[in-house]
Amino acid sequence: MTLSEFDLIKRYFSGGLYQREDVTLGIGDDCALLQVPAGQELAVTIDTLVEGVHFFPGADPEALGHKALAVSLSDLAAMGATPAWATLALTLPRSDSDWLQAFSRGLGNISRRYQVQLIGGDTTRGSLSITLQLQGFVEPGRALRRNGARVGDLIGVTGTVGDAGLALLALQGRYDAGDALGWVRDRLERPQPRVAAGRALVGLARAAIDISDGLLADLGHICERSGTGATLHLEQLPLSPPVVRYLGEKGDWSMPLSAGDDYELCFSVPPRVQRAVERAIRDTGCAVSWVGVIDPDPGIRCLLPGGTALAVDAGGYEHFC
C-alpha cells in the first residue's frame with residue numbers, strides 16, 4: 001500500500017513515540033514549540049546515514065531506526081548533555097509500509113529508553129537517506145569539550161573498541177568471525193550510546209569525544225584542539241574476546257585503533273580524579289579502561305607491551321578522501 005507523505009507521518013511518526021512535557025507543540029504544524037529549561041544550555045547535533053555509505057543496502061530497518069538516533073545520542077553523551085528532542089529528515093525510494101513500521105519501531109524503542117521526543121521533520125522521495133537532529137540540555141559552562149586536555153591527564157575509554165570494525169570486515173567477507181558474528185554485528189548495527197557515562201563525567205573530565213571515526217582519529221581531535229599529544233599503551237586497550245582472537249590471528253592493530261562506529265567515549269582526566277571517575281562510570285553499568293596519557297609532544301605514539309613503538313596510520317573515516 002502506498003501512503004501519502006502526510007499519511008506516512010501520521011501513521012508512523014505521530015503520537016506513538018515518546019512524549020515529553022516540555023514540548024508545547026510537536027508534529028503537525030509548521031514548527032515545533034519547545035520549552036528550554038531555565039539555567040540550561042541547548043546542545044544540538046545532527047548526523048546523516050546514507051544507504052551504501054553508512055549501511056549496507058537492504059539493512060534491517062528496525063536496526064536503522066535504532067542506529068539513526070543512537071549516533072546522535074552518542075554526540076550528546078560526549079558533551080555530557082541530557083537528550084530531549086529530535087527532528088527527522090527521511091528520504092525514501094518508495095513508501096513501504098513494512099519498512100516504515102520496522103524503522104519506526106526501532107526508533108521508538110530507543111527514543112523511549114532515552115526519553116527523546118520526535119518533534120518534527122520532513123519526508124521526501126529519493127535514495128534512502130536518514131538525517132536526524134538531536135537537541136539536549138547541559139548546565140552552562142559544564143559541557144565536555146575537545147579542547148580541555150592537559151599534559152599529564154589520563155586517557156580513559158568506555159566499553160570496548162574494535163567490535164564494529166570486526167563486524168564490518170566479516171560482513172564484507174574479509175574475515176570469518178565465527179560464532180561471534182551475531183554479537184559484533186549487533187555492536188555495529190545497534191550501538192549503545194554512553195549517555196549516562198557522559199553525564200557522570202561532567203565536572204570530572206577535562207575533554208571528551210565519542211569514538212565514531214576510530215580511537216586514533218578521535219583522540220587526535222582532542223589533541224589537536226588542546227594543543228597536546230598522547231601516548232597509548234596498547235596492552236591496556238579494552239578489547240572483546242573476538243577482537244583479541246582477531247589480533248592473535250592477524251596482528252593487525254590498525255583495526256581496533258582506526259575502525260569507526262564503536263560509539264564509546266574517549267576522555268582525559270587529571271590523575272587526582274581517577275578513582276572518582278571509576279566509581280561514577282561503574283555506577284552507570286559501564287566499564288572504563290585507562291589506555292594512555294596526554295603528553296606535550298604533537299602526535300599520538302602507540303606502544304606495544306615492552307615499550308616498542310608501533311607505527312599505525314591514524315586513519316579514521318573520511319567522506320571525501
Side-chain angles (χ1 to χ4, degrees), residues 1-20 23 25-34 44-76 83-136 164 167-168 171-172 185-193 212-213 260-261 263 317 319-320:
M1 179 178 64
T2 300
L3 298 174
S4 70
E5 177 183 2
F6 296 107
D7 286 341
L8 183 157
I9 293 169
K10 183 177 180 180
R11 175 172 293 190
Y12 298 107
F13 301 110
S14 295
L17 304 183
Y18 188 81
Q19 305 292 303
R20 295 177 59 96
V23 177
L25 181 64
I27 295 172
D29 220 305
D30 291 302
C31 295
L33 299 176
L34 310 167
V44 181
T45 184
I46 189 168
D47 281 286
T48 296
L49 303 180
V50 178
E51 186 176 47
V53 177
H54 300 97
F55 57 90
F56 292 105
D60 176 11
E62 184 171 343
L64 285 178
H66 173 101
K67 188 166 185 176
L69 185 54
V71 298
S72 290
L73 284 166
S74 185
D75 285 335
L76 289 186
W85 312 311
T87 55
L88 171 68
L90 183 61
T91 303
L92 298 166
R94 62 187 180 280
S95 174
D96 182 325
S97 296
D98 290 340
W99 191 97
L100 284 161
Q101 185 173 19
F103 177 82
S104 64
R105 182 169 59 247
L107 182 64
N109 288 341
I110 190 171
S111 75
R112 284 186 287 273
R113 178 177 176 183
Y114 292 97
Q115 300 182 350
V116 174
Q117 180 170 343
L118 184 65
I119 58 170
D122 188 32
T123 57
T124 189
R125 184 170 183 172
S127 300
L128 181 58
S129 175
I130 306 159
T131 297
L132 202 141
Q133 185 183 71
L134 189 59
Q135 301 89 31
L168 183 60
L171 293 172
Q172 291 173 332
R185 184 171 185 172
D186 203 51
R187 290 276 286 150
L188 172 66
E189 297 179 345
R190 297 175 184 268
Q192 301 303 314
S212 56
D213 295 326
D261 272 348
Y263 297 104
Y317 186 79
H319 284 281
F320 300 106

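Remember, predicted model here, so these are calculated numbers, not experimental data.
- Of all non-hydrogen atoms in P191 and A70, the two that sit nearest each other are O-CB, 3.6 Å.
- Side-chain atoms of Q117 come within 3.5 Å of backbone atoms of R20 as a donor-acceptor pair (strictly under, hydrogens ignored).
- Formation of a donor-acceptor pair under 3.5 Å by the R125 side chain with backbone atoms of L92 is not found in this model.
- To the nearest 0.5 Å, atom NE2 of residue H66 and atom CD of residue E62 are 10.0 Å apart.
- Closest non-hydrogen pair, T91 versus S127, comes out as CG2-O, 3.3 Å.
- Here the CH2 atom belonging to W99 is positioned 5.0 Å from the CG atom belonging to L128, to the nearest 0.5 angstrom.
- Listed for the Q115 side chain is no donor-acceptor partner under 3.5 Å among the backbone atoms of R113.
- Once rounded to the nearest 0.5 Å, the distance linking CG of L64 with CD1 of I130 reads 4.5 Å.
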Salt bridge (Lys or Arg N to Asp or Glu O under 4.0 Å) for K67 and D60? Distances and angles first, verdict last. CA-CA 11 Å; K67 188 166 185 176; D60 176 11; over 6 Å; no
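- Nearest heavy atom pair, residue G260 against residue A164, reads O-CB, 3.7 Å.
- Here L25 contributes atom CG and D30 contributes atom CG; the two are 9.5 Å apart, rounded to the nearest 0.5 Å.
- A distance-only check finds no donor-acceptor pair linking the side chain of S74 to the backbone of V71 [under 3.5 Å].
- A pairwise comparison of heavy atoms in S72 and L132 identifies OG-O, 3.4 Å as the closest pair.
- Here the side chain of D96 pairs a donor or acceptor atom with the backbone of D98 at under 3.5 angstrom.
- Separating the OG1 atom in T48 from the CD atom in Q133 is a distance of 10.5 Å, to the nearest 0.5 Å.
- Using a 4.5 Å heavy-atom threshold, the side chains of F56 and L168 count as touching.
- Atom CD of Q19 sits about 9.5 Å away from atom CG of L118, to the nearest 0.5 Å.
- Shown are L73, L76, L69; of these, the side chain to side chain contact (heavy atoms under 4.5 Å, CB included) with P193 is made only by L73.
- Nearest approach of G65 to I110, heavy atoms of both residues: O-CG2, 4.3 Å.
- With a 4.5 Å cut-off on side-chain heavy atoms, H54 and D47 do not count as touching.
- Among all heavy-atom pairs drawn from V116 and Y18, the shortest one is O-CB, 3.3 Å.
- Within 6.0 Å of CZ on R185 lie no more than 12 heavy atoms contributed by other residues, nucleotides or ligands.
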